[in-house]
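Quantities reported herein were computed from a predicted structural model and do not represent experimental measurements. Just so it is clear: chains get the letters A, B, ... in the order the sequence lines come, proteins before strands, and each one is counted from 1.
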Number of protein chains: 4
Amino acid sequence: MFELDVQSRKPIYEQLMDKIKELMISEVLQEHNQLPSVRILAQKLTINPNTIQKAYKQLELDGYIYTLPGKGNFVAPPKTLKNSLKEEKIKSELAKVLAEALYIGIDKNEIYKLVKEISALAKGGES
Amino acid sequence: MFELDVQSRKPIYEQLMDKIKELMISEVLQEHNQLPSVRILAQKLTINPNTIQKAYKQLELDGYIYTLPGKGNFVAPPKTLKNSLKEEKIKSELAKVLAEALYIGIDKNEIYKLVKEISALAKGGES
Amino acid sequence: MFELDVQSRKPIYEQLMDKIKELMISEVLQEHNQLPSVRILAQKLTINPNTIQKAYKQLELDGYIYTLPGKGNFVAPPKTLKNSLKEEKIKSELAKVLAEALYIGIDKNEIYKLVKEISALAKGGES
Amino acid sequence: MFELDVQSRKPIYEQLMDKIKELMISEVLQEHNQLPSVRILAQKLTINPNTIQKAYKQLELDGYIYTLPGKGNFVAPPKTLKNSLKEEKIKSELAKVLAEALYIGIDKNEIYKLVKEISALAKGGES
DNA sequence: GTGGTCTAGACCACG
DNA sequence: GTGGTCTAGACCACC
């Protein structure tokens with residue numbers, strides 16, 4: 001299900017967050033789908049349950065999932081994220097990376113192409 | 001000159017790197033301009049010289065500046081950056097942020113607008 | 001374990017890098033072996049932990065070791081080094097030293113012998 | 001005559017030493033030839049005379065040149081260098097670089113080829 | 001004057 | 001227990 005790189009400098013819980021976000025973006029995990037339980041995922045990935053817990057907690061804080069105590073963790077509707085604190089953060093992050101990309105000489109058209117490709121991917125998942 | 005958040009989880013030297021990159025992107029600092037000396041900047045920002053040096057060294061490794069020991073630190077020509085390892089890193093970072101932006105519901109057209117604005121800013125600085 | 005010359009004009013961290021490389025070349029330290037922790041080595045050599053860390057960091061940048069934050073430092077597979085930036089650097093360094101050796105009158109055959117001896121040493125470690 | 005890289009991390013006086021050694025190795029400068037005077041060279045290269053002085057002094061200490069006070073600096077016979085302290089230093093430096101080259105996977109035959117090329121160059125200069 | 005190295009300590013994040 | 005960051009202050013090489 002996931003491939004975590006223990007050799008990476010990026011903390012495992014962050015890698016886990018990224019992987020889960022990717023699954024949501026590619027719509028493998030959709031609104032209100034249940035995420036695997038902490039214990040099961042820890043077993044499958046052979047990593048410490050505390051690490052999973054930390055990833056889930058952070059995802060909840062960021063608004064990507066919601067927790068029903070005693071039930072489990074579930075994918076939050078993306079609309080919840082729009083108009084939240086996250087939107088401003090992501091926009092400013094986007095502005096920063098775009099500025100850097102343009103500075104080092106990446107072409108505007110190349111960026112347009114990238115946007116089209118990525119939004120097509122998400123749309124493709126809708127069918 | 002800069003506003004650093006000593007409380008932030010982001011290391012001071014990384015914040016400093018970002019601020020300096022911003023100055024280069026907005027062309028306040030241009031090719032071959034000299035950066036403030038390690039000691040002077042440390043004094044102004046009331047942070048340790050070693051921290052400044054770490055930021056400068058990393059910027060040099062990333063190709064944004066070059067260091068002449070005994071002389072000072074200077075802005076590298078942006079052309080140096082294109083076709084380097086940095087290009088792939090920035091592209092994949094861009095793809096990740098774009099995917100996240102589209103996921104939370106930011107409109108494609110809004111992104112196009114952002115790209116135009118940012119590239120106009122840089123061009124404006126050329127005159 | 002190591003003998004460092006604090007008096008030398010060569011920085012301690014560079015001397016340390018050389019010593020560690022020697023251990024890897026003579027295969028005392030092999031692929032994926034763990035290096036002594038920063039603190040332990042600092043204690044043994046009675047030098048500052050920061051100095052050890054600097055040596056380790058540079059070795060990592062040069063591709064000789066890899067660092068798992070929170071885990072330790074480990075010997076990288078030599079294959080990683082071939083076809084890297086290092087190869088060109090070492091070749092030109094080799095050419096420079098060879099030219100100097102031949103200039104002062106060291107015999108070609110003596111050099112051939114040296115190459116054979118050194119490559120035999122490494123092979124001997126394989127058994 | 002020389003091309004010095006002011007952008008290099010290598011001190012100018014060391015670059016100068018290397019350039020002069022190269023000229024001796026390629027036999028552009030031969031035994032007992034006079035080197036340009038400190039003042040003239042400083043003018044030509046537009047660098048500080050003290051820097052030239054330092055390079056010459058170090059070359060003399062290393063046995064590559066000799067100084068006749070009031071007369072100038074002259075290329076020492078290479079034979080002087082053989083059987084001196086320099087020989088051991090260069091041999092151990094050579095062994096170190098060879099070991100490193102073999103470690104990263106450079107082929108023995110490639111090294112043999114390099115030795116032949118370089119010794120042919122020097123021989124070619126003899127005619 | 002500049003950057004480069006080094007020490008002696010402290011606190012934090014990670015798993 | 002591991003590496004990563006940071007401070008306060010020192011000394012050195014280069015030009």
What is the distance, rounded to the nearest whole Å, between atom CE of C:Met17 and atom P of E:dT5?
11 Å
Paired runs of 3 or more consecutive Watson-Crick or G-U pairs involving DNA chain E, with both pairing distances under 3.5 Å, are E:1-14 with F:1-14
Output the rounded distance in Å from NZ (A:Lys57) to P (E:dA13).
13 Å
Check whether B:Asp18 reaches the backbone of B:Gln15 with its side chain - one donor and one acceptor, N or O, closer than 3.5 Å.
no
Do side-chain atoms of C:Gln34 reach the backbone of C:Lys71 as a donor and acceptor pair under 3.5 angstrom?
yes
salt_bridge(B:Lys91, B:Glu87) N-O dist < 4.0 Å:
yes
Evaluate the ring planes of D:Tyr64 and C:Tyr103, with Trp represented by its six-membered ring, and classify them as parallel (under 30°), tilted (30 to 60°) or perpendicular (over 60°).
parallel
E:dT5 P sits how many Å from C:Gln53 CD, rounded?
15 Å
Euclidean distance, atom CD of residue C:Gln58 to atom P of F:dG3 [Å, nearest integer]
17 Å
Hey, is the side chain of C:Ser37 poking within less than 4.0 Å of OP1 or OP2 on F:dT2, counting only N and O atoms?
yes
Pairing of D:Arg9 and B:Glu60 as salt bridge, 4.0 angstrom limit
yes
Sequence-aligned protein contact record of nucleotides 7-15 of chain F, with B where the base is within under 4.0 Å of a protein heavy atom and S where only the sugar-phosphate is
BBB----SS
Ion pair check, B:Lys10 and B:Asp5, cut-off under 4.0 Å
no
Separation of atom CD1 in A:Ile52 from atom C1' in E:dC14, rounded to whole Å
15 Å
For atom CD of D:Gln43, decide whether the heavy atoms of other residues, nucleotides or ligands shown that lie under 6.0 angstrom number more than 12.
no
Tell me: CG of B:Leu41 to C1' of E:dG1, nearest whole Å?
16 Å
For the pair made of CD1 in B:Ile40 and P in E:dG1, what is the distance, rounded to whole Å?
9 Å
Starting at CZ of C:Phe74 and ending at P of F:dT2, how long is that distance when rounded to a whole Å?
11 Å
Does any non-hydrogen side-chain atom of B:Pro49 lie less than 4.5 Å from one of B:Val38?
yes
Heavy-atom distance under 4.5 Å between the side chains of B:Asn48 and B:Thr51, does that happen here?
yes
